[in-house]
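Taking it in order: structure first as structure tokens, then the write-up.
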Amino acid sequence: MPQEEKSEATVTERPNPERSDERYDAQRVENKWFERFQQDAALYAAEPDSAKKKYYVLEMLPYPSGVLHMGHVRNYAIGDALARYMWMNGYNVLHPMGWDSFGLPAENAAIQNNTPPRQWTLRNIANMKAQMKRLGFAYDWSREVTTCFPEYYRWNQWFFLKLFERGLAYRKKSKVNWCPKCATVLANEQVVNGCCWRHEDTPVEQRELEQWFLRTTKYADELLHDLDKLEHWPEKVRTMQRNWIGRSEGTLVDFKLVGPTGPAGSTISVFTTRVDTIYGATSVQLAPEHPVVKDLTAANADLRAKVEQLITEQRKAKEAGDIGEIEKHGVPTGRYAINPFNGEKVPLWVANYILMDYGTGAIMSVPAHDERDYEFAKKYKLEIRIVVLPRSDDPEETVAEPPLPFVTHDGLLINSGPYNNLSCDDAIQKMSAHAEKHGFGKATVTYRLKDWGISRQRYWGTPIPMLYCEKDGIVPVPEKDLPVILPEKMDVTLTGGSPLSRVPEFVNATCPKCGGPARRETDTMDTFVDSSWYFYRYTDAHNDRAPFDSAIAKYWFPIDQYIGGVEHAILHLIYSRFWTKAMRDMGLIENAEPVERLFTQGMVTYQGAAMSKSRGNVVSPDEMVARYGADAARLYVLFAAPPDRDLDWQDSGIEGIQRFLGRVYRFVEGNARPQEPDWHKPLQSPLGISARRLQRKLHQTIKRVTDDFQGRWHFNTCISAIMELLNEANRRALGSGPTQDPVTGAPIIGDDIPLALLADVQRNLVLLLAPFAPYLAHELWEMLGEKGNLLKAAWPKYDAALAREEEIEIPVQINGKLRSRVVVSADASEETVLDRALADEKVRTMIAGKQIVKKICVPGKLVNIVVK
RNA sequence: GCCGGGAUGGCGAAAUUGGCAGACGCAGCGGACUUAAAAUCCGCAGGUCCGAAAGGACUGUGGGGGUUCGAUUCCCCCUCCCGGCACCA
């Protein structure tokens, strides 16, 4: 046998055949690396003064409810993969974590288990932090934020004072949402289908209370407009916020009450988006709680009783969450109001479908051009007057009777005095201007968004830093006296109003203005205040002179990527945007939006339903880690579905992932030869067919995974690609088919794979896996004899030339149906490909005796021959 | 009612969006190793029909139309599912 000159060593034997259990021992490997990671406190720390480009990746901070659930694992697995990817790409990464640790569950736990809220909360935090560490999430714990600590909530109080100074925090008595189970007020955003967001089956009651509000409406317009700039936010979230803000352009018009008036005066302002139809207004409808109604019923017991009835109906419908289903009722007041446009007297009604908290609580009723007004007018036999006719293409043809109600904008005015023949849009402009000129109205914008009520009649929250003095009224706590400390020794109950009001040491204070006795505010802040700005605190978490340093925040903001559940699309994400705009106007920051890119991951369900203790379908992360390891749990939640879709947990699915991790481990363990010099030599070309295939696959895989990290984020396909690479590598390195010769029992191997190529494949395989399965990746990195820290190892680059196929298989269609395939070189010209296709045996038989009508050749894709 | 997102094998999904439908994985089937099982490895696999087999024919991405040589992808109509808003004037 001639001596073949070998420049590079190759894999020539099947290693280590003696192994009793070939399962990968994840616990051993993960425990080893867990210990090592714990020893390096600065491992995941962001660099304070860095010339590197920054990248701020953030996952929504959890409420420390006790244990992590799979939804958390999914959320953090996505963020962690991204953070690790960015580290490997040389960025200065900020990847912090904290605890949204004020809130009701702590109080409920205190009541049930007689454990103080603070103790309960801190225990949960310790537990969940340990879980996060075991799962291998790379957080910079030196910046940990815990919102229930005075070091944090003092800045809530500080912000509150600043907002108060600027008129953005104010106190007023108003109807508020009250959850009887939480025994506290809720913001509008916390009411879901008429029920409490924490108690899906508890209808929210309406109560009249003095409350603190933040003036979110001041930013309504900016909050709406800036949504257009958030192009890297999911359309869904932007739509939800648009709906929530609910901007509506229209006109205010003052109708004058005819006859005697009361304290509410004689002006009834109505809001309409269709002032063009005002000549068709045949009544004015008031909300039952409209102030003018109070005047009208003052001396009219009969009317008062009827109005009471309407109020009851309205409240019932509201509490049942189906205000839209209410049966329309109204009562005539016997009084009239004057339409300022034509001086006409129209009857004044009170109706149960008019809402006091939208617009002005009064409308003009135009039955001919509004669905609801039409229905109402039919029911009560009110006049229906047409003032808009549909346009016709044929000027000769006039449509005298459009089908009613005729609600579209596209028409011309009639019966409208000087506005006849104007288009609706023209008329709206001219009539609004007319109203403004004559002082009885103006163009205006109405929002659905309401100011944010932040007072909570609960204990476990940030005390509102305000005092009530008999002499000086409402007095803010001076900045130097912050924080107002939440007392710790408390009897927590859910009855009897704000718990803090029962602590005399807390309540009794001194007025900073007059030195006399003052009473402290005993309500606490909504916990959504805490989460509205926490991500700024991460940038400068230990600052005791300011919530954060502006220059440092400027370096890190905006957040490059924020990841969390879509359930916060309105609540947290609208409050945070408001807070950022308010802080910008205070000069603390320069960015107008907190988050550049938002990603909302899908829910994790089990057996088709959201996991919950009561349903008994909870999959415990701890159990999964114990059984399969952290890598497997993380990889599985990324692999099972694209991250933005819901994922139904399958126990068998994670087993498949476990097998994959085992195959990776065995592939490296069995084939790594870092002690051989050839392992470290640069790869020499040319390569054999098999080797070249493997090399190509490697570069294709690097490209696929890298591309997906650039925004598409289909990590499920990234992981598939890595699996394919491993399959290919196993085939090439170990040979496909049986592993042993059935006759002789000798091991069978594939063609020669140069050791340098194998090294290349193994190193890159580990690097590609590093963001998803960090424990295994670290173990293998070490096994490969690599010295540097894998966390900051350079992300692999692909070579487009090496990723390119030299020969491709082109499908040949005849009349659009796949009939054959031909193999051509990748850069073959159209003619060559066509010639090859036409020369193909099968194609020749199929088209024999037929006329070729058309030949289509898409280079690199396919050939289609159209025959007759 | 308005707005947004979906519907692809037994299951999770892929097709980077006009160009080979079903990659990867689960479950399944067959085989190797084993006394046996587990673990591991190799192979098969959308459906229907024809064939002993190799192979072939037809069909197939919620339904119906259309554009195109060619449609999961584009256009029109419809059904169902998920989410948001809703007598919002």
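Letters A, B, ... are given to chains in the order of the sequence lines, protein chains preceding strands, and every chain is numbered from 1.
Within 4.0 Å of A:Val858, counting heavy atoms only, lies at least one base atom of the nucleic acid. Among the atoms of the strands shown, only primed sugar atoms or phosphate atoms (P, OP1, OP2) are found under 4.0 Å from some heavy atom of A:Arg819. At the heavy-atom level, A:Asp373 lies nowhere under 4.0 Å from the strands shown. In this structure, A:Ile354 reaches the bases: a heavy-atom distance under 4.0 Å links it to at least one base atom across the strands shown. Looking at heavy-atom distances under 4.0 Å, A:Pro642 makes contact with sugar-phosphate atoms alone, never a base. Residue A:Glu371 is out of contact with every strand shown, counting any heavy-atom pair closer than 4.0 Å. Within 4.0 Å (heavy atoms only), A:Arg242 reaches no atom of the nucleic acid at all. Note on A:Asn864: a base of the nucleic acid sits closer than 4.0 angstrom, heavy atoms only. Across all strands shown, A:Lys817 has heavy atoms under 4.0 Å from sugar-phosphate atoms exclusively, and none from any base. Contact annotation for A:Phe376: no contact, since no heavy-atom pair falls under 4.0 Å across all strands. When heavy atoms are screened at a 4.0 angstrom cut-off, A:Gly656 is found touching the sugar-phosphate backbone but no base atom. Within the nucleic acid shown, A:Glu809 comes within 4.0 Å of at least one base atom, counting heavy atoms only. Heavy atoms of A:Arg238 sit nowhere under 4.0 angstrom from any nucleic acid atom.
Look at B:G10: its glycosidic torsion is beyond 90° from 0, and that puts it in the anti range.
Within the 3.5 Å criterion, the main-chain N or O of A:Gly602 finds a donor-acceptor partner in the side chain of A:Arg74.
For the pair A:Thr446 and B:A89, the criterion of a side-chain N or O lying under 4.0 Å from OP1 or OP2 is not met. For A:Arg645 and B:A14, the shortest distance from a side-chain N or O to OP1 or OP2 is below 4.0 Å. For A:Arg731 and B:C41, the shortest distance from a side-chain N or O to OP1 or OP2 is not below 4.0 Å. Distances shown here put a side-chain N or O of A:Asn716 below 4.0 Å from the OP1 or OP2 atom of B:A14. Regarding contacts with the backbone of B:C88, every side-chain N or O of A:Asn243 stays at 4.0 angstrom or more from both OP1 and OP2.
Scanning both residues, A:Asp840 and A:Ser820, for their nearest heavy atoms gives OD2-OG, 2.8 Å.
With P as the reference atom, B:U17 and B:C29 are 39 Å apart, rounded to whole Å. Here, B:G25 and B:U61 have their P atoms 26 Å apart, quoted to the whole Å.
Distance from the side chain of A:Phe639 is smallest for B:G12 among the nucleotides B:G4, B:G12, B:C3. Here B:A27 is the nucleotide among B:A27, B:G12, B:G19 with the atom lying nearest to any side-chain atom of A:Arg659. Side-chain proximity of A:Thr273 to the nucleotides B:A89, B:C41, B:G84 is greatest for B:A89. Nearest to the side-chain atoms of A:Met723 among the listed nucleotides B:C85, B:A89, B:C24 stands B:C24. Closest approach to the A:Arg712 side chain among B:G19, B:A15, B:G56 is made by B:A15 (side chain taken as heavy atoms from C-beta onward). Set against B:G25, B:A89, B:G12, the side chain of A:Ile363 has B:A89 as its closest nucleotide. Between B:C41, B:A27, B:G19, one nucleotide has an atom nearer to the side chain of A:Ile856 than all others, and that is B:G19. The side chain of A:Glu724 approaches B:C24 more closely than any other nucleotide in the set B:C69, B:C24, B:C3. Each of B:A27, B:U16, B:A89 was ranked by its minimum atom distance to the side chain of A:Arg704; first place goes to B:U16.
Residues A:Phe715 and A:Phe709 place their aromatic rings such that the two centres sit under 6.0 Å apart. Checked against the 6.0 Å centroid criterion, the rings of A:Tyr628 and A:Tyr636 do not qualify as a close aromatic pair.
Between the NZ atom of A:Lys236 and the C1' atom of B:G6 there is a distance of 10 Å, rounded to whole Å.
Across A:Asp221, A:Thr216, A:Thr217, a single residue satisfies side-chain hydrogen bond (donor to acceptor under 3.5 Å, both in side chains) together with A:Tyr447, and that is A:Asp221.
One side chain, A:Gln710 or A:Tyr85, offers a donor N or O that lies under 3.5 Å from an acceptor on the other. No side-chain donor from either of A:Asn617 and A:Gln607 sits under 3.5 Å from a side-chain acceptor of the other.
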